[in-house]
J.: 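Could you have a look at this structure, given as structure tokens, before my questions?
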Amino acid sequence: MTKSLRLAFVADIHHGENSFTKVGSAALPLMDEFRRFVAETRPDAVIDLGDRISDVDHATDLRLEREVAEAFAPIATPRFHLCGNHDRDHLSVAENEEILGQPLGHRTVDLGDWRLVLWAADSRIHRPGGFVLREADLIWLAATVEAADRPLVVMSHVPVSGHGQTGNYYFERNPASSTYPGAERVRAVLARAKVPMVCIAGHVHWNTLTTVDAIPHLTLQSLTESFTTLPGPAGAFALLELGDTIAWTVHGQDPFTARIDTAGTLRRWMTPLQPFDEHPELRQRRVAQAALLGTPT
């Protein structure tokens, strides 16, 4: 039996002007609610999954990021931040680090019986080109998974599950911007784990649970997104409770819950079948049927 651990999450705060369905003007008031939530639930750590602002230009983004940092400052609980793509459009990682007062590269943190893995893969959207899955980022994650001697909570801004985007306001018609090219390589690295695991991400602005190779991948709704809660923002933040069960509860106007057996995340699934018309056994069966019926193959 593993000792229980509690983590509070917030994602995609998008402080700034209202933009499309992001109600950025509500970000700081909603951060007041998040601070009250943290005070009430008393988690062991607080995780910010990135996209703290809606980017404008260098000077404006510095101001916006500092205002979000000030909103986090009263939280005494240990907290950890990741950079999202909007935090990186006009600002460097070093500038984000200076504002938040902590390193923002890859990190692992052992809390109780669990290891937090803050996978700070490149979250900048390069133009042209989009997201870039850098080999050094993948190698760091592979080494971390290989060395794991306790259950892992793998956190990133960008999800890697490969889940579909049908119905998503931003990504249904822009699926390439919802994940990394080559994300299947990340999933293959994760599948090598010999310990229980859960993956948490933001970026896509909705609540999802996708299970791949028995590993649960959860995404958290944005604090200020409204496409699922029109006309107001979702006001979403979550509590992850870890023990023999992985319990995920999203609060706000777009609530979501999931309960997963921790030990069950160690199972690995059968390798997916190749295309039917390429599978030799199925092809042989079709040839035999065609010969029986006297029809061409």
J.: Would Trp248 and Phe9 count as a close aromatic pair, with their ring centres under 6.0 Å?
T.: yes

J.: When you compare the side chain of Thr211 with that of His217, does any pair of heavy atoms fall below 4.5 Å?
T.: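 In short, these two side chains do not touch, never coming nearer than 4.5 Å.
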
J.: Just wondering, do Thr245 and Ile260 contact through their side chains at under 4.5 Å, heavy atoms?
T.: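 Heavy-atom side-chain distance check fails, nothing below 4.5 Å.
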
J.: Looking at Arg134 and Asp122, is there a salt bridge between them, counting it only when a charged N and a carboxylate O are closer than 4.0 Å?
T.: yes

J.: Is it true that Asp12 and His203 share a donor-acceptor pair across their side chains at a distance under 3.5 Å?
T.: no

J.: Is Glu40 salt-bridged to Arg36, going by a charged N under 4.0 Å from an acidic O?
T.: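 Salt bridge between Glu40 and Arg36, a charged N being under 4.0 Å from a carboxylate O: no.
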
J.: Looking only at the side chains, is there a donor atom on one of Arg88 and Asn96 sitting less than 3.5 Å from an acceptor on the other?
T.: no

J.: Out of curiosity, Asp55 CG to His58 NE2, how far, rounded to the nearest 0.5 Å?
T.: 12.0 Å

J.: So which heavy atom on Gly243 is nearest to which on Trp114, and how close?
T.: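 Looking at all heavy atoms of both residues, the closest pair is O-CZ2, 3.8 Å.
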
J.: Any donor-acceptor pair under 3.5 Å linking the side chain of Asn174 with the backbone of Ser177?
T.: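 Side chain of Asn174 to backbone of Ser177: no pair is present.
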
J.: Step through the shown structure and confirm whether more than 12 heavy atoms of other residues, nucleotides or ligands are within 6.0 Å of CD on Glu17.
T.: no

J.: Check whether any side-chain heavy atom of Ile75 lies under 4.5 Å from a side-chain heavy atom of Arg35, and answer yes or no.
T.: yes

J.: Go through the steps to decide whether Arg185 and Leu190 satisfy the test side chain to side chain contact (heavy atoms under 4.5 Å, CB included), and finish with yes or no.
T.: CA-CA 9 Å; Arg185 296 184 65 207; Leu190 297 175; over 6 Å; no

J.: Report the distance from atom CG of Asp51 to atom CG of Leu223, rounding to the nearest 0.5 Å.
T.: 12.0 Å

J.: With a 4.5 Å cut-off on side-chain heavy atoms, are Leu141 and Val154 touching?
T.: yes

J.: Do you know the tightest heavy-atom contact between Ser226 and Pro231?
T.: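 Heavy-atom minimum between the residues: CB-O, 4.2 Å.
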
J.: Go through the steps for Phe34 and Val46 under the test side chain to side chain contact (heavy atoms under 4.5 Å, CB included), then give the verdict.
T.: CA-CA 10 Å; Phe34 178 64; Val46 170; 3.7 Å; yes

J.: Would you say the side chain of Gln102 lies within less than 4.5 Å of the side chain of Phe80, judging by non-hydrogen atoms?
T.: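 Touching, per the 4.5 Å side-chain cut-off.
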
J.: Contact between Leu152 and Pro196 at the side-chain level, heavy atoms closer than 4.5 Å - yes or no?
T.: no

J.: Heavy-atom count check: over 12 atoms from other residues, nucleotides or ligands less than 6.0 Å from Glu184 CD?
T.: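 Count over threshold, so yes.
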
J.: If you apply the rule salt bridge (Lys or Arg N to Asp or Glu O under 4.0 Å), what do you find for Arg52 with Asp87, and how did you get there?
T.: CA-CA 6 Å; Arg52 289 172 286 279; Asp87 306 313; 3.5 Å; yes

J.: Can you check whether Ala26's main-chain N or O pairs, donor with acceptor, with Thr224's side chain at less than 3.5 Å?
T.: no

J.: Going by atom types only, do Asp244 and Thr262 share a side-chain donor-acceptor pair under 3.5 Å?
T.: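 No, no side-chain donor-acceptor pair sits under 3.5 Å.
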
J.: Can you tell me if Arg115 uses its side chain to pair, donor with acceptor, with the backbone of Val153 under 3.5 Å?
T.: no

J.: Is atom CZ of Arg268 surrounded by more than 12 heavy atoms (other residues, nucleotides or ligands) closer than 6.0 Å?
T.: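 Correct, the count exceeds 12.
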
J.: Please step through side chain to side chain contact (heavy atoms under 4.5 Å, CB included) for the pair Phe72 and Val10, ending with a clear verdict.
T.: CA-CA 11 Å; Phe72 274 109; Val10 65; 3.8 Å; yes

J.: Can you see which heavy atom on Ala121 is nearest to which on Asp137, and at what distance?
T.: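 So the minimum-distance heavy-atom pair works out to CA-OD2, 3.5 Å.
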
J.: Linking I/L/V/M/F/W/Y whenever their side-chain heavy atoms sit closer than 4.5 Å, directly or via other members, would Ile47 and Ile99 fall into one cluster?
T.: no

J.: Any donor-acceptor pair under 3.5 Å linking the side-chain atoms of Gln221 with those of Thr228?
T.: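 Gln221 and Thr228 do have a side-chain donor-acceptor pair below 3.5 Å.
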
J.: Is it the case that more than 12 heavy atoms not belonging to Gln284 sit under 6.0 Å from its CD atom?
T.: no

J.: Using a distance-only test with no angle check, is there a side-chain donor-acceptor pair under 3.5 angstrom linking His14 and Glu225?
T.: no

J.: Between Asn18 and Ser25, is any side-chain donor less than 3.5 angstrom from a side-chain acceptor?
T.: yes

J.: What heavy-atom pair brings Arg79 and Leu100 nearest, and what distance separates the two atoms?
T.: NH1-O, 4.5 Å

J.: Give a yes or no answer on whether the side chain of Arg107 reaches the backbone of Pro103 with a donor-acceptor pair at less than 3.5 Å.
T.: yes

J.: Is the distance from the ring center of Phe131 to that of His126 below 6.0 Å?
T.: no

J.: State plainly whether one hydrophobic cluster holds both Leu218 and Leu49, where clusters connect Ile, Leu, Val, Met, Phe, Trp and Tyr through side-chain heavy atoms under 4.5 angstrom apart.
T.: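 Same hydrophobic cluster.
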
J.: Hey, quick one: are Val250 and Ile200 part of the same hydrophobic cluster, counting side-chain heavy atoms closer than 4.5 Å, chains of contacts allowed?
T.: yes

J.: When rounded to the nearest 0.5 angstrom, what is the spacing between CD in Glu135 and CH2 in Trp140?
T.: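 Interatomic distance, Glu135 CD to Trp140 CH2, rounded to 0.5 Å: 15.5 Å.
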
J.: Heavy-atom distance under 4.5 Å between the side chains of Met31 and His15, does that happen here?
T.: no

J.: Do Thr208 and Thr219 pair up side chain to side chain, a donor and an acceptor below 3.5 Å, judged on atom types alone?
T.: yes

J.: Linking I/L/V/M/F/W/Y whenever their side-chain heavy atoms sit closer than 4.5 Å, directly or via other members, would Val38 and Leu242 fall into one cluster?
T.: no

J.: Under a plain distance cut-off of 3.5 Å, with no hydrogens placed, do Asp57 and His90 share a side-chain donor-acceptor pair?
T.: no

J.: Membership question, hydrophobic clusters at under 4.5 Å side-chain separation (ILVMFWY): are Leu209 and Val186 in the same one?
T.: no

J.: Say you draw a straight line from CG of Asp254 to OG1 of Thr229; how long is it, rounded to the nearest 0.5 Å?
T.: 6.5 Å

J.: Side chain of Arg267, backbone of Ala214: donor and acceptor closer than 3.5 Å?
T.: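 Not confirmed, Arg267 side chain does not pair with Ala214 backbone.
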
J.: Would you say the side chains of Tyr170 and Thr21 form a donor-acceptor pair under 3.5 Å?
T.: yes

J.: Which one of Asn168, Leu220, Val158 satisfies the side chain to side chain contact (heavy atoms under 4.5 Å, CB included) criterion with Val204?
T.: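 Result for side chain to side chain contact (heavy atoms under 4.5 Å, CB included) with Val204: Asn168.
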
J.: Output yes when a side-chain donor or acceptor of Thr210 lies under 3.5 Å from a complementary backbone atom of His163, and no otherwise.
T.: no

J.: Assess whether a salt bridge exists between Asp113 and Arg150, defined as any Lys/Arg side-chain N lying under 4.0 Å from an Asp/Glu carboxylate O.
T.: no

J.: Less than 4.5 Å apart, side chain to side chain, heavy atoms only: is that true for Met155 and Leu116?
T.: yes

J.: Can we say Asp61 and Arg66 salt-bridge, meaning some charged N sits less than 4.0 Å from an Asp/Glu carboxylate O?
T.: no

J.: Is the distance between the ring centroids of Phe171 and His205 under 6.0 Å?
T.: no

J.: Starting at CZ of Arg286, measure out to CZ of Phe276 and round the result to the nearest 0.5 Å.
T.: 9.5 Å

J.: For the CZ atom of Phe227 and the OG atom of Ser222, what is their distance to the nearest 0.5 Å?
T.: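 If I round to the nearest 0.5 Å, the distance is 9.5 Å.
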
J.: Do the side chain of Asp213 and the main chain of Trp269 share a donor and acceptor less than 3.5 angstrom apart?
T.: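 Yes, the answer is positive, given that a donor and an acceptor are paired below the 3.5 Å cut-off.
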
J.: Grab the two heavy atoms, one from Ala120 and one from Gly105, that are nearest each other, plus how far apart they are.
T.: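 Closest heavy-atom pair between Ala120 and Gly105: CB-C, 3.6 Å.
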
J.: At their closest point, which heavy atom of Leu133 faces which heavy atom of Gly182, and how far apart are they?
T.: CD2-O, 3.5 Å

J.: Do Val132 and Arg124 pass the side chain to side chain contact (heavy atoms under 4.5 Å, CB included) test, and can you show the C-alpha distance, the side-chain angles, and the key distance before you say yes or no?
T.: CA-CA 8 Å; Val132 174; Arg124 186 176 182 183; over 6 Å; no

